[in-house]
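These notes concern the structure reproduced below.
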Amino acid sequence: MAVKGLGELDQSYDGSNLRIGILHARWNKEIIQALVEGAKKRLLELGVKPENIIIETVPGSFELPFGSKLFHDKYKKLGKPLDAIIPIGVLIKGSTMHFEYICDSVTHQIMKLNFELNIPIIFGVLTCLTDEQAQARAGLIEGKMHNHGEDWGAAAVEMATKFYN
Ligand SMILES: O=Nc1c(NC[C@H](O)[C@H](O)[C@H](O)CO)[nH]c(=O)[nH]c1=O
């Protein structure tokens, strides 16, 4: 049997019964938009129904962890629980330590949320030193890198299905 490469998309995961939340920050809008489109594209390819892809926004990446908890709680209360959440943010290093502190705290808190909410919370935050690095990871520079949003969509479907059957 062929050994799958790391991160290779495994088409065997079926998202047709999933409800997925995408929560995106509003900083670096052009890059965010591309990442959100990439995640949506892959979710649809894996069978998630368009009406089951729910998109909300928060001001910035710092608000992604608490926003994800509020997002989860809102839809649980509505009786339409989310099966996974993809927080999406783009952090680009400036001239101060602000970047480092937000990256560190957001990363740790998103990891903790997986265990607190007991659903997959995918790490969809780009932590880049330059705008070009972020553009490349959103697939916005021809021939450079693929759109990482697609990986996040695939991870959400895999993690929300593979251990439940
Ligand atoms: O500063 N740079 C960035 C940023 N700052 C705002 C922060 O996330 C938060 O919204 C505010 O501090 C208010 O709490 N948010 C980002 O998503 N990317 C950045 O590159």
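Counting convention: from 1, in listed order, for ligands and their atoms alike. In this text the structure is predicted, and so the values were computed from the model without any measurement. Hydrogens, waters and symmetry mates are skipped; everything else that's a heavy atom, side chains included, is used.
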Return the option from V90, T127, I88 holding the heavy atom at the smallest distance from atom 18 (N) of ligand 1.
V90
Short list, please: which atoms of ligand 1 are under 4.0 Å from a heavy atom of E63?
9 (C), 10 (O), 13 (C), 14 (O)
Any idea which part of I92 is under 4.0 Å from ligand 1, heavy-atom wise: side chain, backbone, both or neither?
backbone
In the protein, what heavy atom is nearest to atom 3 (C) of ligand 1, and what distance, to one decimal place, separates them?
W27 CE3, 3.2 Å
Assess whether a salt bridge exists between K41 and E45, defined as any Lys/Arg side-chain N lying under 4.0 Å from an Asp/Glu carboxylate O.
yes
Considering the heavy atoms of H98, write down every atom of ligand 1 situated less than 4.0 Å from one of them.
1 (O), 5 (N)
With under 30° as parallel and over 60° as perpendicular, where do the rings of H148 and W152 fit, or are they tilted in between?
perpendicular
Below 4.0 angstrom from a heavy atom of N28, which ligand 1 atoms are there? Numbered from 1 as shown, please.
18 (N), 20 (O)
Should the proximity of F62 to ligand 1, defined as any heavy atom under 4.0 Å, be assigned to the side chain, the backbone, both, or neither?
both
Presence of salt bridge, K69 and E116, under 4.0 angstrom
no
Would you check if L23 and I88 make a side-chain contact, meaning some heavy-atom pair closer than 4.5 Å?
no
Nearest-0.5 Å distance, CG of residue L35 to NZ of residue K40
13.0 Å
Just wondering, more than 12 heavy atoms not from F62 lying within 6.0 Å of its CZ?
no
